[in-house]
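Notes for the one structure printed next.
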Amino acid sequence: MKLQVENLNYSYDASPLVADIRLHVKQGEFVGLIGPNGSGKSTVLKNVYRALKPDSGWLAMDGEDLQAMKPKALALQMGVVGQENTVPFDFMVEDIVGMGRSPHKRLLEGDRPEDRRIVAAALAQTGMAEMARRNYRNLSGGEKQRVLLARALAQQTELLIMDEPTNHLDIYYQLQMFDLIQTLGVTVLAAIHDLNLAALYCSRLYVLKAGRLHRAGTPEEVLTPELIREVYGITAEVAVHPATGKLSIAYVPAGMAQREAALVR
Ligand SMILES: Nc1ncnc2c1ncn2[C@@H]1O[C@H](COP(=O)(O)OP(=O)(O)OP(=O)(O)O)[C@@H](O)[C@H]1O
């Protein structure tokens, strides 16, 4: 399943918030969307998963116009792990994960043994099996995030759109979640804040700055100290880590850099 976004423009009010966004995710690719707070990552993703309607632009999955797709057809092909993780009612964890099966069922059809098996597998894969009967509302932020991933896994789509899917997770579950997603071999577009995680898992990155695409390329092409300074305004050292063979980024706080400079003088 490939995803194409061409010349996406979106504004919440009169001034354009994201403009001329063009991004492509090839079949099976894990692509990251990075950029500072407020740069428009969620806005782009919301246009992709149709929580927002583009002012203009063309978005497609395998060449099929996303905006013209019926909701059920879309839900069979695109799973979403969004930032918003509140639910209005008292649902049990397994109920929420079970919602991932609804696009696969006919109207009012109950759970089939296959659905129960898939839900149980998704709960096990995300380490939530023992909390299956807990009230979702009483979970921690990280546990909720794992439930929402489990729901997306139960949906069994070929494309996953994820908005900061690991921001509440401890480091074990951050790695476990991305490892798991990688082994699924599905196509992924994910907004990611942690540049080290992005470097570990993404084959390509798109960098947003103030609603515009600032750079695109492999982590090695994109995550240079110069770009990190341009986009985030901080000093960073970037090296290939011998243990992973991937880029590793160390941030140098401004105060520390000044003290170092003073010592050298
Ligand atoms: N419903 C809305 N109405 C008006 N402005 C909005 C709305 N939602 C978001 N914005 C603004 O749009 C800008 C981009 O927000 P967005 O959530 O897309 O950024 P982001 O890159 O995902 O940020 P973060 O890293 O903080 O999650 C922000 O300045 C935000 O305040």
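The first residue of the sequence shown is numbered 1, and numbering continues consecutively from there. Indexing begins at 1, ligand by ligand and atom by atom, following the structure's order.
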Select all protein residues for which some heavy-atom-to-ligand 1 distance is less than 4.0 Å, and list them by chain and number.
Tyr12, Leu17, Pro36, Asn37, Gly38, Ser39, Gly40, Lys41, Ser42, Thr43, Gln83, His193
Donor-acceptor pairs under 3.5 angstrom involving side-chain atoms of residues 116-126: please list them, not counting sequence neighbours.
from   : atom 1 : to     : atom 2 : distance (Å)
Arg116 : NH1    : Asp111 : O      : 3.2
Thr126 : OG1    : Ala122 : O      : 2.8
Thr126 : OG1    : Leu123 : O      : 3.2

One thing to verify: whether Asp90 and Arg137 come together as a salt bridge, which I'm taking to mean a side-chain N less than 4.0 angstrom from a carboxylate O.
yes
Please round to the nearest 0.5 Å and tell me the distance separating atom CE of Met61 and atom CD of Glu158.
9.5 Å
Check whether the side chains of Glu143 and His168 place a donor and an acceptor atom closer than 3.5 Å, and report yes or no.
no
Under 3.5 Å, is there a donor-acceptor pair linking the side chains of Gln156 and His104?
no
Distance-only side-chain donor-acceptor flag, Ser11 / Asn9, under 3.5 Å
no
